[in-house]
J.: 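Following this message is one structure expressed as structure tokens.
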There are 2 protein chains.
Amino acid sequence: MDIQLKRGLLDVCVLAAIKNEESYGYKIIKDVKPYVELSESTLYTILKRLETAEMLTVRSAEHEGRLRKYYSITDAGLGRIDEFKEDWKEIESIYQFVAREC
Amino acid sequence: MDIQLKRGLLDVCVLAAIKNEESYGYKIIKDVKPYVELSESTLYTILKRLETAEMLTVRSAEHEGRLRKYYSITDAGLGRIDEFKEDWKEIESIYQFVAREC
DNA sequence: CGATATACTTCGTGATACGATGTATATCGT
DNA sequence: ACGATATACATCGTATCACGAAGTATATCG
């Protein structure tokens, strides 16, 4: 998919991936993969950004000798998803405008 | 609407605005306005980019003493719109993923 | 005659997706 | 026993891009 099109979709995809239960980097990538391709460098950039924006919280825990950082969504994160749903109406009308035959 | 979300949508909106008949900057902004807000500086950047990518062609003509640059879509431009329609299927599935309740 | 609309242009800035690269451990197959 | 692969997180540099600000210039309307 077009890179530019992914912008604005990725943040919200990551939030959706931790919406129901906390998750960690590698799992998020796998969960999101069926919908969008997401590289590790991109994901960790996004996670840091969302953390700064207080849309998620982090806790570190050891899992089988390896460190894992578990991410949980906050109310602000849930609010971000709601905003996206609002924006979706506009996006759909844009699609109609672009795809219309005449 | 979220700026990041607009990326990838704007190019295609501009192409859609000249899809059926040639148009010019000021008119494109007005035609697209009901769907997305688009500033002049953004539009002219986009027009230049699309021209470089050979998705549109330009001709200059005088109109009531003022210069106007008329833009027409090319086959590559029409192809770009088709690509967007393809991407749309993915975008919709992303929306389902993000907006699902569970 | 000033405000507003039309019309195009350039510059600088901030946001951001991604490839490349690096570190480190666990598991699986042969 | 050992190499490949999967798991897991991190950093850096680059290219792309939307936008506000500011500028130039003419036409129209009240």
Side-chain angles (χ1 to χ4, degrees), chain A residues 1-15 17-18 22-33 35-53 55-56 58-71 80 84 87 90-91 94, chain B residues 1-15 17-18 22-33 35-53 55-56 58-71 80 84 87 90-91 94:
Chain A
M1 187 168 61
D2 178 55
I3 292 183
Q4 302 308 321
L5 220 36
K6 290 169 78 170
R7 298 173 90 115
L9 255 26
L10 289 180
D11 278 30
V12 124
C13 274
V14 170
L15 288 172
I18 61 168
E22 60 173 16
S23 188
Y24 53 94
Y26 226 70
K27 183 165 189 295
I28 293 170
I29 289 177
K30 283 200 292 183
D31 288 344
V32 163
K33 204 174 193 114
Y35 307 99
V36 239
E37 202 58 42
L38 178 61
S39 71
E40 288 180 63
S41 59
T42 301
L43 175 65
Y44 290 110
T45 305
I46 292 172
L47 287 172
K48 200 154 286 173
R49 182 163 68 236
L50 292 175
E51 191 189 349
T52 304
M55 293 192 183
L56 49 78
V58 198
R59 70 175 182 91
S60 288
E62 203 176 305
H63 176 82
E64 287 173 5
R66 280 192 295 272
L67 176 78
R68 259 195 199 163
K69 293 176 88 172
Y70 291 93
Y71 299 89
R80 179 71 183 79
F84 174 71
D87 283 345
E90 284 178 59
I91 295 174
I94 290 171
Chain B
M1 186 168 63
D2 178 54
I3 291 183
Q4 302 308 321
L5 220 36
K6 288 169 78 169
R7 296 174 89 115
L9 255 27
L10 288 181
D11 278 30
V12 126
C13 274
V14 170
L15 288 172
I18 61 169
E22 61 173 14
S23 188
Y24 54 94
Y26 226 70
K27 183 166 189 294
I28 294 170
I29 289 176
K30 283 200 294 182
D31 289 343
V32 164
K33 202 172 195 119
Y35 307 101
V36 240
E37 203 58 41
L38 179 60
S39 72
E40 287 179 61
S41 59
T42 301
L43 174 65
Y44 290 109
T45 305
I46 291 171
L47 287 171
K48 200 154 286 174
R49 182 165 66 237
L50 292 175
E51 190 189 351
T52 303
M55 293 192 183
L56 49 77
V58 198
R59 70 176 182 91
S60 287
E62 204 175 305
H63 177 83
E64 287 173 6
R66 280 191 296 271
L67 176 78
R68 259 195 199 164
K69 292 175 88 172
Y70 291 93
Y71 299 90
R80 178 72 183 75
F84 174 72
D87 283 345
E90 284 178 59
I91 295 173
I94 290 171

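Chain identifiers are assigned alphabetically (A, B, ...) following the order of the sequence lines, protein sequences preceding nucleic acid strands; residue numbering begins at 1 within each chain.
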J.: To the nearest Å, how far apart are E64(A) CD and dC9(D) P?
T.: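 Roughly 13 Å, once rounded to whole Å.
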
J.: T52(A) side chain to K48(A) main-chain N or O, any donor-acceptor pair under 3.5 Å?
T.: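 Here the side-chain-to-backbone pair exists.
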
J.: Write down the atom of Y71(A), the atom of L56(A), and the distance for their closest heavy-atom approach.
T.: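 Shortest heavy-atom contact: CD2-CD1, 3.7 Å.
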
J.: Could you tell me the separation between the NZ atom of K6(A) and the C1' atom of dA18(D), rounded to a whole number of Å?
T.: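 Rounded to the whole Å, the gap is 20 Å.
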
J.: Does OP1 or OP2 of dC9(D) have a side-chain N or O of Y24(A) closer than 4.0 Å?
T.: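 It does not, given that no N or O in the side chain of Y24(A) lies less than 4.0 Å from OP1 or OP2 of dC9(D).
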
J.: Could you spell out the base pairing of DNA chain D in dot-bracket, with Watson-Crick or G-U pairs whose two distances are under 3.5 Å, [ ] crossing and | to another strand?
T.: ||||||||||||||||||||||||||||||

J.: If you look at every strand shown and take non-hydrogen atoms under 4.0 Å, does K27(A) touch a base, only sugar-phosphate, or nothing?
T.: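 Nothing, no heavy atom under 4.0 Å.
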
J.: State the CZ-CG distance between F84(B) and L5(A), to the nearest 0.5 angstrom.
T.: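 Between F84(B) CZ and L5(A) CG, I get 6.0 Å after rounding to 0.5 Å.
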
J.: So, for S23(B) and A17(B), which heavy atoms are closest and what is the spacing to 0.1 Å?
T.: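 Nearest heavy atoms, S23(B) then A17(B): CB-O, 4.3 Å.
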
J.: Identify whether any heavy atom of L38(A) sits under 4.0 Å from a base atom; if not, whether one sits that close to sugar-phosphate; answer base, sugar-phosphate or nothing.
T.: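 Answer is nothing: L38(A) stays at 4.0 Å or more from every strand.
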
J.: Within less than 4.0 Å of OP1 or OP2 of dA18(D), is there a side-chain N or O belonging to R7(B)?
T.: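 Answer no for this pair, as no side-chain N or O of R7(B) is under 4.0 Å from OP1 or OP2.
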
J.: Write down the atom of C13(B), the atom of V32(B), and the distance for their closest heavy-atom approach.
T.: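 Closest approach of C13(B) to V32(B): O-CG2, 3.9 Å.
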
J.: Atom CG of L67(A) to atom C1' of dA8(D): distance rounded to whole Å?
T.: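 Rounding to the nearest Å, CG of L67(A) and C1' of dA8(D) are 8 Å apart.
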
J.: Which pairs, protein N/O on one side and nucleotides 20-23 of chain D N/O on the other, fall under 3.5 Å?
T.:
unit_1	atom_1	unit_2	atom_2	d
dG20(D)	N7	S41(B)	OG	2.7
dG20(D)	O6	S41(B)	OG	3.2

J.: NA contact type, R66(A), heavy-atom cut-off 4.0 Å: base, sugar-phosphate, or nothing?
T.: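 Base: the residue R66(A), judged by heavy atoms under 4.0 Å, touches a nucleobase.
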
J.: Can any side-chain N or O of T42(A) pair as donor or acceptor with the backbone N or O of L38(A) at less than 3.5 Å?
T.: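 The answer is no, because no donor-acceptor pair under 3.5 Å joins these two groups.
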
J.: Any salt bridge between K33(A) and E37(A), counting N to O under 4.0 Å?
T.: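 Here K33(A) pairs with E37(A) in a salt bridge, since their nearest N and O are under 4.0 Å apart.
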
J.: Would you name the heavy atoms of M55(B) and L15(B) that are closest together and state the gap between them?
T.: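 Minimum heavy-atom contact is O-CD2, 3.8 Å.
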
J.: Distance check needed: dA8(D) P versus R68(A) CZ, whole Å only.
T.: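 After rounding, the gap between these two atoms is 4 Å.
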
J.: What heavy-atom pair brings Y24(A) and Y70(A) nearest, and what distance separates the two atoms?
T.: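 Taking Y24(A) first and Y70(A) second, the nearest heavy atoms are CD2-CE2, 3.7 Å.
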
J.: Return the value, rounded to whole Å, for the distance between atom CG of L43(A) and atom P of dC9(D).
T.: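 Rounded to the whole Å, the gap is 9 Å.
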
J.: Reading DNA chain C in the 5' to 3' direction, which nucleotide is the first one with an atom under 4.0 Å from a heavy atom of chain B, and which is the last?
T.: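 The contacted stretch runs from dT6(C) to dT16(C).
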
J.: Please give, in whole Å, the distance from dC12(D) P to Y44(A) OH?
T.: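 Result: 17 Å.
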
J.: Should D11(A) and R49(A) be marked as a side-chain contact (heavy atoms from CB on, under 4.5 Å) after you check the CA-CA gap, both sets of side-chain angles, and the distance that decides it?
T.: CA-CA 9 Å; D11(A) 278 30; R49(A) 182 163 68 236; 2.7 Å; yes

J.: Tell me the interatomic distance from L47(B), atom CG, to dC17(D), atom C1', rounded to whole angstroms.
T.: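 Those two atoms, CG and C1', are 14 Å apart.
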
J.: If each of K48(B) and K30(B) is mapped to the nucleotide of DNA chain C with the nearest heavy atom, which maps nearer the 5' terminus, i.e. the 5' end?
T.: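 The residue closer to the strand's 5' end, by nearest nucleotide, is K30(B).
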
J.: Is it true that R80(B) and D2(A) have a side-chain N and a carboxylate O under 4.0 angstrom from each other?
T.: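 Looking at R80(B) and D2(A), the cut-off is met.
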
J.: H63(B) NE2 to dA25(D) C1': how many Å, rounded?
T.: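 Computing the H63(B):NE2 to dA25(D):C1' distance gives 15 Å.
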
J.: Ignoring hydrogens, what is the shortest heavy-atom contact between K69(B) and S60(B)? Give both atom names and the distance.
T.: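 Of all heavy-atom pairs spanning K69(B) and S60(B), the closest is CG-OG, 3.5 Å.
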
